[in-house]
Peer 1: 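Take a look at this one; I'll ask things after.
Per chain, numbering begins at 1; letters A, B, ... match sequence-line order.
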Amino acid sequence: MKDGASSHDSQMFDCRVAFADELTHLARENEKIVAVCNDSVGSSNLGAFQKEFPDRLINVGIAEQNMIGVSAGLSNGGFIPFVCAATPFLTGRALEQIKADIAYSGYPVVLCGMSPGLAYGELGPTHHSVEDLPWLRAIAGLTLIVPADPTQTRDAVRWAATANVPVFLRIGRTKVPEVTPRGMPLRVGQADQLRDGSDVTVIATGVMVARALAAAEALAKIGIKARIINMSTVQPIDKETIIRAARETGRIVTVEEAVVRGGLGSAVAEVVVQEHPVPMRLLGVTDFAPTGNVEFLLDYFKLNSDGIVGAAIDLMRR
Amino acid sequence: MSDSPMTQPFPFAVVPPQTFAAVPSSQRAQMLALQSREMRKTILQTIAHAGLGHIGGDLSVIDILATLFFAVLRVDPDHPQAPDRDRFILSKGHCAVSLYTVLARAGFIPGAWLADFAKPMSPLSGHPNRNKVPGVESCTGPLGHGLPVGVGCAIAARMSGASWRTFVVLGDGELQEGSNWEAAMAAGHRHLSNLVAVIDRNRLQMGARTEDTNGLEPLADKWRAFGWAVMEVDGHDHEALYQAFTAAPDGKPRCVIANTVKGKGVSFMEDRAEWHHKVPNAGQLEQAIVELSK
Ligand SMILES: Cc1ncc(C[n+]2csc(CCOP(=O)(O)OP(=O)(O)O)c2C)c(N)n1
């Protein structure tokens, strides 16, 4: 594995573990918290939750549209549903329910998309969730959070439980290191600058944050100073941080484990073109993936340190 | 796991579709059972080799696939897109390995492809892709998609005045998806007697038993109420399956509820939820092959 994000010295985590642990913890403190799932107790890591709170786990079976409607009803009845399902089925299958029953209706349901992006690797494009960011970003009133590591995952779960707004959490399965500096809390709606730089800004989210940090190291070696931003809230997006990056570094690369059309990159570009136009490169998934495991696919789409370095150099040469 | 050698060399002997359609019924059952047994071994080896796959559902559905491909479906590996072919859709697309296995054995794809199942750039992904694999009619994987597509195929055949039939194989857990019932209602309404839905009724879904999760019973009554002719058979009895698939149409779409055992044929996998997508280790593979060779 050539990518710095996967080097052996840093410990790697499956964010679903931190997610389930934090949710179970919160459920002990607040009896209104319930989990809703679609035959996904195992894949959502809800085994421990089920054991401790068997009556507060509502498994509707393999029926995602119903699952979202049921969650809206539970919210109406005073509960705080955390809906846990594989992201492609949670979002794609039940998109209209998310729009009408959750966002438009204004129910503070927490949609927890498990194993997003290319995490399902060999299972193929039906199971990849790379369209969820654009799909959900198109819906008004939905807060989209993509935690980059276990620390942010725990913070996001905690925040969502009391935020009283519809939320989508993108809970990664692809292993990541901790990228959040100790003591830096997740501030929903605000980006985190993880490294300063003056030549180019890399704005990343989720799995890609660690890879962006690795790219910054590689760029530093050839004299390019890259600023690294973790955009953990994709909606509403942190305009100020984006405008400052455009003004101060003059070049922006975005990188996400999602299609390039309409997700984080587009959200950043919408701000940049209207407020302070600078050259950009948008990295993401460009097509239905071929067969391969997640590491192969991330490399295939150049969603790695090399890909980010290449895009930054390309911008520097303009 | 991924570099364990395939113990059986590929490619293996090809058995063309419908090979056992015309033989006497007593022999047919025996011959189909032999095919199923060999294919069970191939499924186990392919999954162990790749390190992933949905083994339990592959083993429960393989007798259904053997019967369809070697005795019922009018399909031609040399002309997989022939306009008048019967249409076959595996709606429970997670059981792709069972489909790839029968397609390889029937001559649609080279047997050697199985050794590369799920490997980088392989045409054989974890779920079947109609644009990469001859014989695959529909890209399935998300549950609850096959029957609506099958209803469309059946309407198309009728509109063209064609005699080809459409077969859709569904999981029982899959029936919890509402889209199936929208399709079932449409097929009943239109009296699509050229459509057959086969339910692999193994009573398990991913995490638990169907009846403990979101119960389906009374299942036959549900299909009848939607305007379908229902037949219940032992899903591991090839002759019973053959009779159900070839029975004369009676003006309605037909639902064949095939009662099966998840993990069928391997003692320690049978009827065990955890073998939905567990991968056998070398020792387990060996034991399974021994059991299937008896
Ligand atoms: C829309 C959708 N939701 C969830 C899944 C995840 N999933 C894959 S297989 C499976 C269980 C299927 O059970 P069943 O239909 O009974 O199949 P079998 O037991 O024959 O394998 C689930 C929930 C999926 N593939 N598609």
Side-chain angles (χ1 to χ4, degrees), chain A residues 36-47 50 54 57-70 84-97 118-129 131 287-301, chain B residues 2 47 50-54 92-94 96-97 113 116-133 138-145 170-182 204-216 273-274 276-278:
Chain A
V36 186
C37 73
N38 62 334
D39 190 19
S40 53
V41 176
S43 55
S44 300
N45 224 52
L46 290 172
Q50 184 178 36
L57 179 87
I58 296 127
N59 182 355
V60 299
I62 311 168
E64 294 75 17
Q65 300 181 38
N66 186 43
M67 173 176 70
I68 299 299
V70 165
C84 308
T87 320
F89 314 129
L90 173 74
T91 61
R93 191 53 164 276
L95 198 58
E96 187 178 274
Q97 279 78 6
L118 299 164
Y120 277 122
E122 299 92 334
L123 296 189
T126 56
H127 283 53
H128 298 157
S129 192
E131 300 87 359
D287 201 351
F288 289 125
T291 307
N293 62 38
V294 61
E295 292 296 340
F296 172 82
L297 294 178
L298 287 170
D299 286 341
Y300 178 87
F301 288 114
Chain B
S2 57
I47 288 176
L52 68 109
H54 291 81
K92 44 172 255 174
H94 56 286
V97 170
W113 281 17
D116 285 333
F117 163 61
K119 296 277 154 61
M121 306 310 284
S122 166
L124 304 187
S125 178
H127 294 90
N129 182 326
R130 69 184 291 268
N131 299 306
K132 295 180 182 172
V133 189
S138 205
C139 295
T140 51
L143 296 164
H145 285 243
L170 302 104
D172 51 0
E174 177 176 16
L175 294 181
Q176 292 162 353
E177 290 286 1
S179 52
N180 293 302
W181 302 101
E182 298 177 19
L204 285 170
Q205 49 193 99
M206 185 155 73
R209 310 195 79 75
T210 56
E211 301 314 288
D212 293 341
T213 308
N214 198 17
L216 300 168
E274 69 265 31
H276 175 70
H277 56 192
K278 219 169 110 169

Peer 1: Taking all non-hydrogen atoms of both residues, which atom of A:Ile62 and which atom of B:Glu174 are closest, and how far apart?
Peer 2: CD1-N, 4.0 Å

Peer 1: Is any residue of residues 63-70 of chain A within less than 4.5 Å of chain B by heavy atoms, and which ones?
Peer 2: A:Ala63, A:Glu64

Peer 1: How far apart are the closest heavy atoms of A:Thr126 and B:Thr140, and which atoms are they?
Peer 2: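 Of all heavy-atom pairs spanning A:Thr126 and B:Thr140, the closest is CG2-O, 4.1 Å.
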
Peer 1: If you round to the nearest 0.5 Å, how far is CG of A:Asn38 from CG of B:Asn214?
Peer 2: 11.5 Å

Peer 1: Tell me, side chain or backbone of A:Tyr300 under 4.5 Å from chain B's heavy atoms, or both, or neither?
Peer 2: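 A:Tyr300 touches chain B through side-chain heavy atoms alone.
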
Peer 1: B:Thr210 versus chain A, heavy atoms under 4.5 Å apart: side chain, backbone, both or neither?
Peer 2: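 No part of it gets close to chain A.
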
Peer 1: Heavy-atom distances under 4.5 Å only: say whether B:Leu143 touches chain A with side chain, backbone, both or neither.
Peer 2: both

Peer 1: Sub-3.5 Å donor-acceptor pair from the side chain of A:Asn59 to the main-chain atoms of B:Thr213, do we have one?
Peer 2: no

Peer 1: Pick one of side chain, backbone, both or neither for B:Leu124, based on which atoms fall under 4.5 Å of a heavy atom in chain A.
Peer 2: backbone

Peer 1: Most heavy-atom pairs under 4.5 angstrom with chain A, which of B:Gly141, B:Ser122, B:Gly173?
Peer 2: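 The answer is B:Ser122.
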
Peer 1: How close do B:Lys132 and A:Ala289 get, counting heavy atoms only, and between which atoms?
Peer 2: NZ-O, 4.4 Å

Peer 1: State, with a plain yes or no, whether a side-chain heavy atom of A:Thr291 is found less than 4.5 Å away from one of B:Lys119.
Peer 2: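 Counting from C-beta outward, A:Thr291 and B:Lys119 never come under 4.5 Å.
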
Peer 1: Quick check: do A:His127 and B:Ser125 have side-chain heavy atoms less than 4.5 Å from each other?
Peer 2: no

Peer 1: Minimum heavy-atom separation for A:Gly61 and B:Gln205, please, with both atom names.
Peer 2: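 Distance-wise, the nearest heavy atoms are CA-NE2, 4.3 Å.
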
